[in-house]
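Worksheet for the structure shown next.
Residue numbers begin at 1 in each chain, while the letters A, B, ... track the order of the sequences.
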Amino acid sequence: MPELPEVETVVRYLRPQLVERAIVGFTAHWPRVTAPAMPEDFARQVTGRTIHAVRRRGKYILLELNRGYIHLHLRMTGRLLVLPSGDPEASSQPHVTAEFDLSDSRRLVFRDMRKFGRVGYLEDLAPLETRLGPEPLSSRFTTRLFHRLLRGRRRRIKPLLLDQSFIAGLGNIYVDEALFLARIHPETPGSRLSFARARALHRAIQDILSESIRHDGTTIINFQYGEGSTGRFREKLRVFRRAEQPCPVCGTPLAKIRVAQRGTYLCPACQVP
DNA sequence: TCGAATGTTGCGAA
DNA sequence: TTTCGCAACATTCG
C-alpha cells in the first residue's frame, strides 16, 4: 500500500510518540514478521535499547537506537499504531503481527492483513544503502544526477522508476502520476529521454511527492495512520485508477494498460514515447 | 472461481 | 551485464 508519502506520514505520526522511549519487550504474533531472522534473535537484539530518532529511507521506517537500527517495511497492508498497553483495544486489533513494549507503558503495534510487512535489525545502514537509489526529495537528487542515471538504461521508464535501487520510494501510484505530469509514456526507454524531458520528469516526481505529503498521502484501499486517519491525496490523483474518465488536460478518456505486470494508467493522447 | 490489488525478491531465460 | 516475465508471499474483494 504505502509509498514514500504514506511512509513519511506514518513517520511523522510515530516520531513524537517513540523518541527517547526504550524498548522493553518484543512479541512476534506471526513468526515470519522478522524473516529471515528468528523472532527470538530479533527480540534479543532490540530489547533494552532506546529509540533516539525515527526516520524514513525510501519506503523503510527506521528507528535509530542507541546502538543499531530497527527497519520496518509496511509492504502492501501494514499499519503501525501506538496504543496504551493496558488498553483492551490493543489486543482486540485484528491481524496484529508484532508488538513492541515501550518504557512509557505503551505499545507499538504492527498490524498487517496480508502479512507481507517485515521488521529487522541492522548494526548499520550500509546493507540498506547499497540496495536503495537516491532519495527523490533530497537536495542531492538533482536534475543532472537523474539524467546521468537515465543514460544507458534501455529499460522502460515505468519499471525503472519502480526499481528501488534506481530511485527509492516510488510505487505504482506516484509513478503513473509523475509520468502523466511529465507527459511521458510509461513504455519509453529511459535512455531515450532528452535532458529537457528528464528535467520535466524530475520536477514531476518531486512535485507529486511533496504535494501528496502535504495531504498526508493517498488512501486507495486501506492506508491509515494514527487513530484511523486516511490520506487526502486520493481526490487529487489525476490518472491513477481513473480509466475511462476524461484526461484532466485534454479530455481524452484515460486508458489502463499493463506494464511490467502492473496496472498502468495514462492519457493515450498527452503521454508520448 | 478467477483476477487484481498500494510491494519485494529470487529465478531462469532472452 | 541487463532486462523481462513469472512465481511466491497471504488475504480480501468484486
* To do: On DNA chain C, check which nucleotide each of A:Gln261 and A:Leu160 is closest to and give me the residue with the more 5' one.
  => A:Leu160
* **Stem list, DNA chain B (Watson-Crick or G-U pairing under 3.5 Å, at least 3 consecutive pairs)** => B:2-5 with C:11-14, B:7-14 with C:2-9
* Asked: How many Å lie between CZ on A:Arg234 and C1' on B:dT6, as a whole number?
  -> 11 Å
* **Euclidean distance, atom CZ of residue A:Arg241 to atom P of B:dA4 [Å, nearest integer]** => 12 Å
* Euclidean distance for C1', C:dC6 against B:dG3 (whole angstrom) -> 16 Å
* Could you please name the option among C:dT3, B:dA4, B:dG7 that lies closest to any side-chain atom of A:Arg153? => C:dT3
* Asked: Take atom CZ in A:Arg183; do more than 12 heavy atoms of anything else shown fall under 6.0 Å from it?
  -> no
* Nearest-angstrom distance, P atom, C:dT3 to B:dT6 -> 23 Å
* To do: For the pair A:His73 and A:Tyr60, name the ring-plane relationship: parallel under 30°, tilted 30 to 60°, perpendicular over 60°.
  => perpendicular
* To do: Look at the side-chain N and O atoms of A:Gln164 and state whether any lies under 4.0 Å from the OP1 or OP2 oxygen of B:dG7.
  => no
* Asked: If you count the non-hydrogen atoms of other residues, nucleotides and ligands that lie under 6.0 Å from CD in A:Glu244, is the total more than 12?
  -> no
* **The single option from A:Asp104, A:Leu102, A:Leu80 passing side chain to side chain contact (heavy atoms under 4.5 Å, CB included) against A:Leu18** => A:Leu102
* Value in whole Å for how far the P atom of C:dT3 lies from CD1 of A:Ile157 -> 11 Å
* Among A:Lys158, A:Arg156, A:Arg192, A:Arg258, find the one that has a salt bridge (charged side-chain N to carboxylate O under 4.0 Å, His left out) with A:Glu187. => A:Arg156
* Interatomic distance where CG belongs to A:Asp112 and P belongs to B:dG7 [whole Å] -> 14 Å
* Carboxylate-amine/guanidinium proximity below 4.0 Å for A:Glu8 and A:Arg12 -> yes
* Asked: Are more than 12 heavy atoms from other residues, nucleotides or ligands located less than 6.0 Å from atom CZ of A:Arg197?
  -> yes
* Structure fact -> Each nucleotide of nucleotides 9-14 of chain C classed B (base within 4.0 Å of a protein heavy atom), S (only sugar-phosphate) or -, in 5' to 3' order, makes BBBS--
* Under 3.5 Å side-chain donor-acceptor pair for A:Tyr69 and A:Arg57 -> no
* To do: Could you state the atom-to-atom distance from CZ of A:Arg262 to P of C:dC6 in whole Å?
  => 15 Å
* Which part of the nucleic acid, if any, lies within reach of A:Gly263 when heavy atoms closer than 4.0 Å are counted: base, sugar-phosphate only, or nothing? -> sugar-phosphate
* Structure fact -> Result for side chain to side chain contact (heavy atoms under 4.5 Å, CB included) between A:Leu201 and one of A:Ile157, A:Thr143, A:Leu181 points to A:Ile157
* Backbone N/O of A:Phe110 and side chain of A:Glu99: donor-acceptor pair under 3.5 Å -> no
* Asked: Tell me: CG of A:Leu4 to P of B:dT8, nearest whole Å?
  -> 11 Å
* **Separation of C:dA8 P from A:Met76 CE (nearest whole Å)** => 17 Å
* **Interatomic distance, A:Arg258 CZ vs B:dG3 C1' [rounded to whole Å]** => 9 Å
* So, is A:Arg155 near the phosphate of C:dT1, with a side-chain N or O under 4.0 Å from OP1 or OP2? -> no
